[in-house]
Amino acid sequence: MDIRVQDVAFDAGQMLNEFTARQDNAGAVVSFTGIVRDVAGGLSSMEIEHYPGMTERALEKIAQDAMARWNLADVLIIHRHGSLEPKDIIMMVATASKHRADAFAAADFLMDFLKSRAPFWKKERTGDSVDWVASKSEDEDALKRW
Amino acid sequence: MDIRVQDVAFDAGQMLNEFTARQDNAGAVVSFTGIVRDVAGGLSSMEIEHYPGMTERALEKIAQDAMARWNLADVLIIHRHGSLEPKDIIMMVATASKHRADAFAAADFLMDFLKSRAPFWKKERTGDSVDWVASKSEDEDALKRW
Amino acid sequence: MIDVLYFAWVRERIGLPKEQLETSAATVQDLVAELSAREDRYAAAFADLTALRCAVDQELVPFDTSIEGAREVAFFPPMTGG
Amino acid sequence: MIDVLYFAWVRERIGLPKEQLETSAATVQDLVAELSAREDRYAAAFADLTALRCAVDQELVPFDTSIEGAREVAFFPPMTGG
């Protein structure tokens, strides 16, 4: 398990390669990368606030829940905070397992819980307005799948 | 859509980064990487045979089916053939979409159909024996999910 | 003494990220009532609790959770990471 | 004239990857019967059709598919890629 909360940018491809290389006997690696999307109206920047301490605890719990639930070799979570621009990579998760079903389900699960249970808040600057991103009811609903 | 069938090795991280950089307005990228697993008994090498011509057609159809079914910005499929060793990367798929549910479902779908509908056959060399990998009934069953 | 933390628009509305309080509140909800009675900016921030979440000692909990012995209580909107 | 292709253990059992044939078979199944009657190695390879798949002009099809006008028929075990 490798969990990182950081303000500096990271290279998702390099993280994927390092994660894959660390695996001894995994046949499947699934990754998810979240990217700052240019919303209608022209996003100029995004600010991500988080709750230092609780963030790491929440991510560790989510990762441990995934490890307990599926047959996983490893889990990686990296999430940025601070100032980001359109096309910047916000975060990634990666899962490794012998067979693909575990890696897919666990990555999907990690994302659902990370979205609604890890203390991050996004603020978007679009033209003159600055708005906190509203949570979506479908994100909370997604948790019921598990 | 980017589909490659090749005997040369590729850098999954680099492919992921190039795929992500090509996207204009995707918020989510999911990747799957398949790795040669060292089976019990000690795999010394794997040979992947394929059906040139049909392989490309089959992969294109699977990718188009995914694009028709989900709201995807892009699909990448890379599959190697020829001789591979334990820990070598066999193949990868990547999907890009605005929202994560589409990218996850499409990558899962691509893998299920690629497994049972693209003309690749694996042969494993373990000690003195050389065996064609048998297809699994659960792989055929997985298609019914879609 | 307990540390009370505010994040995102809760922090902006209340106007500070963190404060130390002496409180006799038994639960998070009691603490909310105590703060809301204190100043309008708290009352405004806590007006709709369904739009808020809280954590006691860095664990997400319901508003009726006890804060007895807690070191840290935090208030924030639903998370939007990922 | 039609190209007949064999892959994986079907190729190994029959002993060649590809051959050109003159055939009057109407369907894939008829072609299988024709080949099986010709030599033991074909009969052995085609003994259990449930363990085989076929393609006509590079499309996976059932064994009762017509090969009229087809350029290429291929026989192989279930795929194991990915």
Side-chain angles (χ1 to χ4, degrees), chain B residues 3 5 32-37 39 46-62 77-82 84 89-93 107-124 130-143, chain D residues 1-21 23 27-29 31-32 35 41-82:
Chain B
I3 291 166
V5 181
F32 175 91
T33 316
I35 304 151
V36 180
R37 222 154 51 82
V39 294
M46 173 180 279
E47 192 73 28
I48 300 178
E49 185 169 329
H50 80 121
Y51 183 170
M54 179 172 166
T55 307
E56 290 78 359
R57 288 168 63 123
L59 294 179
E60 249 167 65
K61 181 178 184 326
I62 294 165
I77 303 177
I78 310 175
H79 204 300
R80 290 187 64 188
H81 57 87
L84 287 86
I89 289 174
I90 303 170
M91 48 79 58
M92 80 182 283
V93 305
D108 203 359
F109 169 95
L110 288 171
M111 284 310 302
D112 277 356
F113 279 83
L114 188 152
K115 273 264 166 193
S116 305
R117 291 293 180 266
F120 292 101
W121 300 276
K122 289 187 188 130
K123 193 178 194 175
E124 290 176 342
V130 181
D131 296 294
W132 291 99
V133 172
S135 66
K136 294 184 201 147
S137 60
E138 67 244 44
D139 282 333
E140 190 65 31
D141 291 345
L143 302 186
Chain D
M1 293 288 273
I2 197 166
D3 285 334
V4 184
L5 287 76
Y6 310 106
F7 292 97
W9 61 254
V10 183
R11 172 179 55 70
E12 291 177 340
R13 213 163 289 179
I14 290 174
L16 78 177
K18 186 176 177 171
E19 57 189 322
Q20 278 209 325
L21 295 177
T23 180
T27 66
V28 180
Q29 193 126 34
L31 179 63
V32 166
L35 289 165
R41 59 196 169 110
Y42 291 98
F46 292 127
D48 178 10
L49 284 192
T50 66
L52 287 185
R53 301 287 180 270
C54 67
V56 171
D57 288 340
Q58 307 189 349
E59 290 277 355
L60 198 67
V61 293
F63 279 87
D64 59 4
T65 301
S66 166
I67 59 171
E68 207 186 333
R71 289 175 299 100
E72 193 169 303
V73 175
F75 296 101
F76 41 79
M79 288 90 148
T80 56

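In what follows, every chain begins at residue 1, and chains take the letters A, B, ... in the order their sequences are listed.
Interface with chain B: from residues 7-14 of chain D, residues D/F7, D/A8, D/W9, D/R11, D/E12 qualify, criterion being any non-hydrogen pair under 4.5 Å. Residues of residues 55-65 of chain D lying under 4.5 angstrom from chain B, judged on non-hydrogen atoms, are D/A55, D/D57, D/Q58, D/E59, D/L60 in numerical order. Residues of residues 74-82 of chain D lying under 4.5 angstrom from chain B, judged on non-hydrogen atoms, are D/A74, D/F76, D/P77, D/P78, D/M79, D/T80, D/G81, D/G82 in numerical order.
Closest of all the heavy-atom pairs between D/K18 and D/L5 is CG-CG, 4.1 Å. The heavy-atom pair separating D/L31 from D/V4 by the smallest distance is CD2-CG2, 4.2 Å. Counting all heavy atoms, side chain and backbone alike, B/A58 lies closest to B/A118 at CB-CA, 4.1 Å. In terms of heavy-atom proximity, B/S116 sits nearest to B/D139 at OG-O, 3.5 Å.
Contact annotation: the side chain of B/H79 approaches that of B/L114 to within less than 4.5 Å [non-hydrogen atoms, C-beta and beyond]. Between B/M91 and B/M111, the closest side-chain pair of non-hydrogen atoms falls below 4.5 Å. Side-chain contact between D/D3 and D/V73 is absent, with no heavy atoms from C-beta onward closer than 4.5 Å.
In this structure, chain D has no heavy atom under 4.5 Å from any part of B/I48. B/H50 touches chain D through its backbone: at least one of N, CA, C or O sits under 4.5 Å from a heavy atom, while the side chain does not. Using a 4.5 Å cut-off between heavy atoms, B/A134 contacts chain D through its backbone alone, with no side-chain atom that close. In this structure, the portion of B/K123 lying under 4.5 Å from any heavy atom of chain D is its side chain and not its backbone.
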### Task
Mind running ring-ring contact (aromatic ring centres under 6.0 Å, His included) on B/F120 and B/H81 for me, showing each step along the way?
CA-CA 8 Å; B/F120 292 101; B/H81 57 87; 7.8 Å; no

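Here the straight-line distance linking atom CG of D/L35 with atom OH of D/Y6 works out to 4.5 Å at 0.5 Å rounding. To the nearest 0.5 Å, atoms CD1 (D/I67) and CD1 (D/I2) are separated by 4.5 Å. Residue B/K122 holds its NZ atom at 11.5 Å from OG of B/S135, rounded to the nearest 0.5 Å.
Side-chain contact annotation: B/Y51 with B/E56, donor-acceptor N/O pair under 3.5 Å absent.
A donor-acceptor pair under 3.5 Å links the side-chain atoms of D/D48 to the main chain of D/T50, judged by distance alone.
Classification of the D/Y42-D/F46 ring pair by plane angle, with boundaries at 30° and 60°, yields parallel.
Applying the salt bridge (charged side-chain N to carboxylate O under 4.0 Å, His left out) test to every pair with at least one member in residues 109-119 of chain B, sequence neighbours left out, gives these pairs: A/R100-B/D112, B/D112-B/R145, B/R117-B/E140.
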